Amino acid sequence: MERNRWYKDMVFYQIWPRSFKDGNGDGMGDLWGVLEKLDYIKSLGCDGIWFSPIYPSPGADCGYDIADYMDIAPEFGGMEAFKKVLEGVHQRGMKLIMDLVVNHTSDEHEWFQKSRKRIEPYTDYYIWRPAKPNGKLPNNWDSNFEGKAWTWDEERGEYYLHLFAVKQPDLNMDNPLVREEVKKILRFWLDMGVDGFREDVITYISKAEGLPDDHLFPIYKGMPKYNHGPHIHEYLAEFKRDVFDHYDCFTLAEAPLVWPKQALKYIDEEKGQIDMMIQFQCQCADCLFTDYLPTKFMLVRMKKAFSDWQKKLSGKAWNMLYMENHDHPRIISRYGSEKFREESGKSIAVSYLFQQGTPFLYQGQEIGMLNWKPEDAEMYEDVQTRYNYAHSNLKKSKEERLHKMWRSSRDSARTPVQWDSSENAGFTTGTPWFYVNPNYKEINVAAQEADPDSLLNFYRKAINLRKSLKAVRFGNYKEYYRLDNKLYVYSREYENQKILVVCSFSEKETKIRVPSGFDLEKAKIVLGNYENKEKTLKPYETRVYLWE
Ligand code: NOJ
């Protein structure tokens with residue numbers, strides 16, 4: 001089927017279901033809650049929804065440990081609620097994509113239960129290895145979440161590989177039967193009418209032949225041996241050929257540690273196997289590869305990441321644009337300023353929304369939710385946070401260790417969405433499953449609905465504007481003043497239309513810089529966060545100039 005690339009004209013909203021909205025009063029976000037809020041999502045100008053996993057799961061990694069791929073968890077409302085949401089989404093002319101998590105399953109999945117008992121055909125569904133004669137682990141790989149990547153299974157008498165939590169055993173994608181299972185899952189949801197998939201850590205599904213040891217510092221010395229493995233393109237092409245090519249759908253691959261050149265092997269529009277890629281460089285302007293190695297925020301690093309992807313994909317592939325998701329702390333707390341929350345939130349919004357690609361918003365980003373800062377590490381729920389806290393530098397004070405977690409933890413961005421100023425932020429009438437950020441009385445949707453200048457209404461304006469400008473959809477991208485650590489300035493140009501985007505990332509007043517050839521006298525300011533036309537920008541001021 002000829003690809004209809006409708007996703008290029010869309011803006012997506014990511015729902016992390018357990019914290020979005022509780023519809024039945026049990027304290028857990030669910031699909032009934034989503035149903036109530038479909039019009040709200042549409043009102044933002046978003047026409048697509050990505051659901052983080054909503055399948056039955058023991059919840060060891062908040063749903064990224066799936067126990068049944070072909071059902072919806074009862075706590076989210078089961079299949080009945082899902083079908084209503086899907087219908088509601090389509091009735092509104094919107095699209096819905098699911099999270100496909102097939103690098104690993106839950107250890108409670110039937111396949112794993114049978115595999116550990118060596119019941120056919122499941123014996124080789126996972127990556128099992130005997131202990132080495134010297135008693136050592138099969139190799140030196142580290143998991144991303146909980147120490148070593150191998151856990152001994154008494155029942156089977158072998159180690160199994162888990163690149164994430166102990167309860168997330170890796171599937172053996174080299175087994176053709178496993179790939180057939182994946183295709184069955186894909187067809188199941190596509191036949192039901194879903195419009196595509198976000199594919200979780202998909203570049204990990206093919207591991208290096210023979211599972212060789214990693215270098216001691218795999219990130220610095222190339223890739224870990226489980227990323228971009230020898231059969232990755234073959235398997236993805238197989239999924240495309242056997243499934244995706246037969247549906248009007250799209251695919252978005254999550255790819256840790258990938259640079260544009262390598263990304264093109266996956267997403268080149270002519271030769272690739274998937275449509276878009278979630279890259280991590282734009283998340284590394286204040287850390288070294290991971291949020292757990294925080295550094296000072298450097299605007300130049302953010303700009304470089306964006307510009308690299310804009311330029312290197314241009315004309316060949318399509319960018320996925322994002323600032324937040326469920327795996328990173330809140331962006332204003334990181335790249336902006338909590339003190340200038342509204343202003344910096346707006347500057348951040350403009351900085352990415354006018355690039356070429358398909359933007360994604362993460363729930364709560366549109367109202368400028370901030371990092372959650374618990375007073376006790378015991379309050380953290382996330383498996384990765386708990387492990388990292390327990391293994392963080394014990395020589396540091398408890399307070400220092402906790403502060404680092406505020407900056408690093410995924411839970412910083414996983415608190416319930418703040419809908420209004422009533423109890424529990426209007427998230428639930430019951431007892432919330434997780435802590436509500438105590439700032440909800442000031443920061444909530446209802447208050448911002450009532451204020452035409454709120455961040456929420458700014459997002460609406462910005463998204464609307466973006467959709468009306470062909471220069472944003474088709475235009476070329478040019479960045480100016482690359483080394484300026486306060487200003488991000490870029491232009492987009494297509495036929496007779498030209499825009500200049502100026503974003504200050506400074507708490508101080510800053511002189512505007514305008515590249516030659518851009519006559520501000522002849523331009524209209526079509527978006528901004530201050531009533532200001534002067535040459536001096538206010539803190540975190542942003543402006544979009546238009547010539548046509
Ligand atoms: C990436 C997901 O976004 C994250 O939330 C999850 O914990 C890991 N993959 C493992 O599935």
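In each ligand, atom 1 is the first atom listed, and ligand 1 is the first ligand listed. Note that this is a predicted model, so its numbers are computed, not measured. Just so you know, residue 1 is the first one in the sequence shown, and it goes up from there.
Defined by atom type and a distance below 3.5 Å, a donor-acceptor pair is missing between the side-chain atoms of Gln363 and Ser19.
Geometrically, Arg414 does not engage Trp372 in a cation-pi contact, judged by NZ or CZ lying under 6.0 Å from the ring centre and within 45° of the ring axis. Cation-pi geometry between Lys37 and Trp419 is met: the NZ or CZ atom falls under 6.0 Å from the ring centre, inside 45° of the normal.
Here the protein heavy atom with the shortest distance to atom 2 (C) of ligand 1 is Asp200 OD1, 3.0 Å. The closest protein non-hydrogen atom to atom 3 (O) of ligand 1 is Asp327 OD2, 2.4 Å. In terms of protein heavy-atom proximity, atom 6 (C) of ligand 1 is nearest to Asp61 OD2, 3.3 Å.
Asp65 and Lys167 are not joined by a salt bridge, as no carboxylate oxygen comes within less than 4.0 angstrom of a charged side-chain nitrogen. A salt bridge is absent between Arg386 and Asp411; no separation between the charged side-chain nitrogens and carboxylate oxygens falls under 4.0 Å.
Contacts between His326 and ligand 1, counted as non-hydrogen atom pairs separated by less than 4.0 Å, involve the side chain only. By the criterion of a heavy-atom distance under 4.0 Å, the side chain of Arg198, and not its backbone, is placed next to ligand 1.
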Report the C-alpha distance between Leu361 and Glu324 in whole Å, list the side-chain angles of each, state the deciding distance to 0.1 Å, and finish with yes or no for side-chain contact (heavy atoms from CB on, under 4.5 Å).
CA-CA 7 Å; Leu361 270 73; Glu324 288 196 1; over 6 Å; no

Take Thr358 and Leu321 through the test side-chain contact (heavy atoms from CB on, under 4.5 Å) and record every step on the way to the result.
CA-CA 6 Å; Thr358 298; Leu321 309 168; over 6 Å; no

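Ligand 1 places these atoms under 4.0 Å from at least one heavy atom of Phe164: 8 (C), 10 (C). Every atom of ligand 1 is numbered from 1 in the order shown, and the set under 4.0 Å from a heavy atom of His104 is 10 (C), 11 (O). Numbered from 1 in the order shown, with element, the atoms of ligand 1 that lie under 4.0 Å from a heavy atom of Phe145 read 7 (O). Proximity to Glu254 (heavy-atom distance under 4.0 Å) selects the following atoms of ligand 1: 1 (C), 3 (O), 9 (N). Close contacts of ligand 1 with Arg410, meaning ligand atoms under 4.0 Å from a residue heavy atom, involve 4 (C), 5 (O), 6 (C), 7 (O).
By the 4.0 Å heavy-atom criterion, Gln384 is excluded from the residues contacting ligand 1.
Ring-centre distance between Tyr126 and Phe112: below the 6.0 Å cut-off.
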